[in-house]
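Just follow the structure's listing: the first ligand is 1, and inside any ligand the first atom is 1. Here the structure is a predicted model, which means the values were calculated and not measured.
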Amino acid sequence: MAEIEVVLGDITKQKVDAVVNAANTGMLGGGGVDGAIHRAAGKLLLEECLKVPDGPKGRCPTGEARITGAGALPCKYVIHTAGPVYHGGKSGEKELLSSCYRNCLLLAQEHGVTSIAFPNISTGVYGYPKESAAETAVATVIETLKKAPAVRKVIFTCFDSENYALYEKAVR
Ligand code: AR6
């Protein structure tokens with residue numbers, strides 16, 4: 001089984017093969033962690049994102065994942081995923097959030113990624129309750145790692161102490 005770590009910090013500073021971006025379906029940047037990743041990666045990342053084909057539901061439909069190079073970031077790849085906007089929990093949000101984590105790990109496996117850092121997808125402006133998001137994230141990652149043997153290390157990168165405590169609890 002891969003190693004699972006919980007850290008409090010900035011995802012752009014993690015020493016991993018791939019960082020996951022909590023993006024939106026358009027994949028052209030935004031605020032929060034998306035803004036931080038694009039700022040740290042520079043315009044090369046935006047150029048890479050523009051190469052991803054755009055469809056009727058955007059470049060990355062909600063719950064799916066897309067991989068690009070990482071521009072000036074110290075990692076090899078950015079894996080972009082669009083988390084669900086939370087509308088009370090009865091609109092398939094849990095399944096969509098779970099799909100984000102699963103699809104990111106499966107894409108990591110396809111590309112031989114051995115270490116990956118996840119942010120707390122959807123728990124910022126998308127309003128997903130932090131505790132249930134943490135439980136879904138950890139359960140999905142543990143389950144999917146069985147199908148992603150290339151991935152040896154997963155870092156849940158929390159930006160606030162509340163999420164850090166919730167992830168520590170969920171991982172334990
Ligand atoms: N490193 C790690 N985590 C961070 C960082 C960072 N540098 N900065 C913020 N976070 P959010 P969402 C945390 O809002 O809810 C964007 O505009 C933050 O504290 O970034 O999925 C996109 O373009 C929170 O816990 O993402 C989309 O439009 C977590 O990252 C939309 O926001 C996620 O918060 C996506 O919303």
| request: Can you measure from OH (Tyr167) to NZ (Lys130) and round to the nearest 0.5 angstrom? | output: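 NZ of Lys130 is found 10.5 Å from OH of Tyr167.
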Which residue supplies the protein heavy atom nearest to [atom], what is that atom called, and how far is it?
atom: atom 11 (P) of ligand 1; answer: Gly124 CA, 3.9 Å
atom: atom 25 (O) of ligand 1; answer: Thr123 OG1, 3.1 Å
atom: atom 14 (O) of ligand 1; answer: Val125 N, 2.9 Å
atom: atom 21 (O) of ligand 1; answer: Ser122 N, 2.8 Å
atom: atom 29 (C) of ligand 1; answer: Asn120 O, 3.4 Å
atom: atom 30 (O) of ligand 1; answer: Val33 CB, 3.8 Å
atom: atom 27 (C) of ligand 1; answer: Tyr126 OH, 3.5 Å

Within ligand 1, which atoms have a heavy atom of [X] less than 4.0 Å away?
X: Asp34; result: 22 (C), 23 (O)
X: Gly32; result: 8 (N), 9 (C), 20 (O)
X: Gly9; result: 1 (N), 2 (C)
X: Ala22; result: 21 (O), 22 (C), 26 (O), 35 (C)
X: Ala36; result: 7 (N)
X: Gly31; result: 16 (C), 17 (O)
X: Asn24; result: 22 (C), 23 (O), 27 (C), 28 (O)

Looking only at non-hydrogen atoms, find the nearest pair between [X] and [Y] and report the distance.
X: Val141; Y: Ile4; answer: CG1-CD1, 4.4 Å
X: Thr81; Y: Glu64; answer: OG1-O, 2.7 Å
X: Glu48; Y: Gly69; answer: OE1-N, 3.0 Å
X: Met27; Y: Cys60; answer: SD-CB, 3.7 Å
X: Val7; Y: Ile155; answer: CG2-CG2, 3.6 Å

| task | Can you establish whether the number of heavy atoms outside Lys76 located under 6.0 Å from its atom NZ is more than 12? | result |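 Not buried by this count: 12 neighbours or fewer within 6.0 Å.
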Are any of the heavy atoms in [X] under 4.0 Å away from ligand 1?
X: Gly127; value: no
X: Gly83; value: no
X: Asp10; value: yes

| field | Matching residue for Glu5 among Arg152, Lys15, Lys153 - test: salt bridge (charged side-chain N to carboxylate O under 4.0 Å, His left out) | value |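 Single salt bridge (charged side-chain N to carboxylate O under 4.0 Å, His left out) partner of Glu5 among Arg152, Lys15, Lys153: Lys153.
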Does an N or O anywhere in [X] fall below 3.5 Å from an N or O of ligand 1?
X: Ala23; value: no
X: Thr157; value: no
X: Phe159; value: no

| Who passes salt bridge (Lys or Arg N to Asp or Glu O under 4.0 Å) against Lys147, sequence neighbours left out? |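 Testing Lys147 for salt bridge (Lys or Arg N to Asp or Glu O under 4.0 Å), a comparison that skips the adjacent residues, returns none.
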| task | Just go through Ile11, Asn163, Val7 and tell me whose heavy atom is the nearest to atom 2 (C) of ligand 1. | result |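 Among Ile11, Asn163, Val7, the closest heavy atom to atom 2 (C) of ligand 1 comes from Ile11.
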| query | Which is it for Thr136 and Ser98 under the side chain to side chain donor-acceptor pair (under 3.5 Å) test, yes or no, and what are the steps along the way? | reply | CA-CA 6 Å; Thr136 295; Ser98 183; over 6 Å; no
| In terms of side-chain geometry, is the basic nitrogen of Glu131 or Lys169 positioned less than 4.0 Å from the acidic oxygen of its partner? |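 Looking at Glu131 and Lys169, the cut-off is met.
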| request: Please identify each residue that fulfils ring pair (Phe, Tyr, Trp, His ring centres under 6.0 Å) with Tyr86, with sequence neighbours left out. | output: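 By the ring pair (Phe, Tyr, Trp, His ring centres under 6.0 Å) rule, Tyr86 matches Tyr128.
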| field | Geometric class of the His111/Tyr77 ring pair [parallel <30°, tilted 30-60°, perpendicular >60°] | value |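 Taking His111 first and then Tyr77, their aromatic rings stand perpendicular (interplane angle over 60°).
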